[in-house]
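Comments concern the structure below.
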Amino acid sequence: MHLSRYFLPVLRETPKEAEIISHQLMLRAGMIKQSAAGIYSWLPLGLKVLTKIGNIVREEQNRAGAVEILMPTIQSADLWRESKRYDDYGKEMLRITDRHERDILFGPTAEEVVTAIFRDTVRSYKDLPKNLYNIQWKFRDEVRPRFGVMRGREFLMKDAYSFDLTAEASQKTYNQMFVSYLRTFARMGLKSVPMQAATGPIGGKLSHEFIILAETGESQVFCHRDLIETPVPPADTDYDGNLEPIFEKWTSLYAATEEMHDEARFMKEVPDAKRVSARGIEVGHIFHFGTKYSEPMGAKVQGPDGQLVTAQMGSYGIGVSRLVGAIIEASHDAAGCIWPVPVAPFEAAVINLKAGDAATDEACGALYAKLRNAGIDVLYDDTDDRAGAKFATMDLVGVPYQLIVGPKGVKSGDVELKDRKTGQKETLPIETGLARAIDLISAQRVLA
RNA sequence: CGGAGCGUAGCGCAGCCUGGUAGCGCACUUGCUUCGGGAGCAAGGGGUCGGAGGUUCGAAUCCUCUCGCUCCGACCA
C-alpha cells in the first residue's frame, strides 16, 4: 500500500477525552474515530488489526473443533422471553421497536439465538458434540462507556456455544476451549492467565476469565508467578485427546481476580517470591452453564436409549475489539504502538526519504515490490514529508520493521533496517536487508 | 442512576469573571529556501463560539432550558 493513497489520519496531539494509553494511541494513529459515546468507526489501520486478531481467533477456534456461523445483530424479543431473560437483562440491553410495534433488540449476547438454532435442527445424540461460534458485533448499553474500545457499548466479540450430551462431555469441550484460549492470546504476543471466576447461579468450578497483565488493567488480580512463565500448549496439541493434564497444570496454581481473591489462601499457597499482585485486563471468559438455556428453551436430543436428553451447554467469549486496546496496553512505548508481527497492521514499511528523486523512487519502488512479492504486508511511505515526520508516524503506527532508503543509501547500495521494538538500526546492502527483513518477519508470523 | 467538569477551526487551547461582533499553536493551501530524526520565511483558506429561548442598542461572554462528550462511584466481553 502506498501511504500517499492510503487513509491514515494521524494526530500529533492527544485528544483530551482519551484517558488511557491505548485509547490515545488508537486515536493518534488513526485507527478509530469516535462516533458516539462508546461507539467507534474503525479506520483502515484499526480495521486491519481487528481483522488480523479476528483471524487468529478464528484459526484457533477451528483448530479446537468449533464451527463458525454468523448470527444476526438484531434479535427477536420473543426468543428472550422464552429463556426468561427479556425482563431480567435490564437496561444494558438495547430494546427497539420495529414498524409493526414488535419488540426487537440489538443482541448483547447470543445464547437464545444459538439455542434456538440447535433445538430446531439437532435431534440425535449422534450429532453431538457441537460447538458453534461467531464473531459478531454486540451492543451493551453500558452506563459508562470508557477507555476507548476497551469498554465500548458496541464491540466485536467471538462467542462460542457448545452442546454436549453429558456434563462429562461438556467438561471435555470446556477443556478444548481452555487450551484454545491459551494459544489464541499467546499468538498475539500476550501472556494470559486463566483465573477462576464466579459462576453465578449454576455453581461449579467451570468458569475462567482469561486475564492479561497490564498496568492500566481494570481489575486487581493475584496469581502464582509460574503461571506467567508456563509455556502454552503447542499447535499440534490433539484436541480430541485428553486435555485434562493441561487443564490441571494451568489451574492448580493460585490465580484469582479481586472478586474471587482469598488473601489467606494466597499467602498459604504461594511462596513470597512467587506472589504476583497486578492489574489485569479480561480478554476472554469461558463458562459451563449446564441446562440454563437448553432447559427453558427445550433444546433436547434423543439419547442412545431413545429418551430425550436436555443438552449441556457452555459459552466461550473473546473480546476481539477489546483485544486491540489490550495489546497496545501490553506493548507500547513513548513513541507509539509496538505490534507483535502477527497482529501488526503492516509487517514492514519502506520509507522513501526523498520522494520525487528518480533514483530513490526507483530503489524504494523495487524494494516495495520485492517485499510484496514475498508476501509481506508492507506500507510504502512515498510521501514527501520530512524524515523526522515519517519516522515519527511509522513509530506511532508501530510498523515492526522499517526499511529506510534515501539518496545516500541509493548511492552506496544500502538500506537501513530498523527494528521498531528495540529501536536498533542496521545499515545493510539492499538485498541483504531485504532478506533479513523477510526472515525476521516470517519467523515471527506464528508465535506460540 | 448519583457526584463533578467540559462543549470556541481537523487537533490542542485562550477569550467569558468585568457584554462592543473571535484569536493563538499545530494541521491544511500557494510560493521560495530547505531536506538523513516532527524545517524556515512569506502569503492564504477554514468557525451561524453545541442548540433553543431570554435580557440588552449590542451576547462566545449574563439568565433559563436543552443536547452532546468526559471524569469519579455502583455494573461489565
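Letters A, B, ... mirror the listed sequences (proteins, then strands); counts begin at 1.
- Remark: B/rC17 base-pairs with no nucleotide in the shown strands. Criterion, Watson-Crick or G-U wobble with two distances under 3.5 Å.
- A donor-acceptor contact closer than 3.5 angstrom is absent between the side chains of A/Gln136 and A/Thr73.
- Listed candidates were B/rC71, B/rC1, B/rA77. Nearest to the side chain of A/Glu19 is B/rC71.
- Projected onto RNA chain B by closest heavy-atom contact, A/Val405 and A/Phe147 fall at different nucleotides, the more 5' of which corresponds to A/Val405.
- For A/Asp381 and A/Asn352, the side-chain atoms include no donor-acceptor pair closer than 3.5 Å.
- Here the two rings, on A/Tyr174 and A/Phe287, have centers that are 6.0 Å apart or farther.
- Look at CD on A/Glu218: it is 11 Å from P on B/rG73, rounded to the nearest Å.
- Residue A/Arg144 places no side-chain N or O under 4.0 Å from the OP1 or OP2 atom of B/rC75.
- At least one side-chain nitrogen or oxygen of A/Gln34 sits closer than 4.0 Å to the OP1 or OP2 atom of B/rU70.
- Atoms CG and CG, on A/Asn131 and A/Leu128 in that order, are 11.5 Å from each other to the nearest 0.5 Å.
- Mapping A/Val10 and A/Ser321 onto RNA chain B via the closest heavy atom, the residue that lands nearer the 5' end is A/Val10.
- Note: A/Lys421 NZ to A/Gln444 CD = 7.5 Å, rounded to the nearest 0.5 Å.
- Listed nucleotides B/rC1, B/rC69, B/rC76 differ in distance to A/Ala37; the shortest reach to its side chain belongs to B/rC69.
- Applying the 4.0 Å criterion to OP1 and OP2 of B/rC76, one finds that A/Arg151 has every side-chain N and O outside that range.
- Counting any heavy atom pair closer than 4.0 Å across all strands shown, A/Gly317 reaches no nucleic acid atom.
- When the C1' atom of B/rG36 is taken as reference, atom CE of A/Met394 falls 16 Å away, rounded to whole Å.
- Partner assigned to B/rU48 is none, using Watson-Crick or G-U wobble distances below 3.5 angstrom.
- Rounded to a whole Å, the CD atom of A/Glu329 is 18 Å from the P atom of B/rA77.
- One interatomic measurement links the two molecules: CG of A/Leu353 to P of B/rU34, which rounds to 19 Å at whole-angstrom precision.
- In this structure B/rA4 sits in a base pair with B/rU70, meeting the Watson-Crick or G-U test at under 3.5 Å.
- For A/Lys418, whose side chain is taken as the heavy atoms from C-beta onward, the closest listed nucleotide among B/rC69, B/rG37, B/rG38 is B/rG37.
- Using a 4.0 Å heavy-atom distance criterion, A/Arg28 is classed as a base contact.
- Around the CD atom of A/Glu215, the shell of radius 6.0 Å holds no more than 12 heavy atoms that belong to other residues, nucleotides or ligands.
- For A/Phe155 and B/rA77, the ring-to-base geometry satisfies the stacking test (centroid distance below 5.5 Å, interplanar angle below 30°).
- At the heavy-atom level, A/Gly325 lies nowhere under 4.0 Å from the strands shown.
- For A/Met188 and B/rA77, the CE to P distance is 18 Å, given to the nearest whole Å.
- No hydrogens or angles considered: a donor-acceptor pair under 3.5 Å links the side chains of A/Arg85 and A/Tyr293.
- Applying the Watson-Crick and G-U wobble criteria (two distances, each under 3.5 Å), B/rC41 pairs with B/rG31.
- Base pairing analysis places B/rC26 opposite B/rG10; the two distances defining the Watson-Crick or G-U wobble pair are each below 3.5 Å.
- With hydrogens and angles left out, the side-chain atoms of A/Glu59 and A/Asn55 include no donor and acceptor closer than 3.5 Å.
- Put simply, A/Arg386 has no side-chain N or O that comes within less than 4.0 Å of OP1 or OP2 on B/rC35.
- Across all strands shown, B/rA60 has no partner, as no Watson-Crick or G-U wobble contact with both distances under 3.5 Å is found.
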Identify all pairs in which a protein N or O lies below 3.5 Å from an N or O of nucleotides 12-15 of chain B, and state each distance.
unit_1	atom_1	unit_2	atom_2	d
B/rG12	OP1	A/Lys16	N	3.0

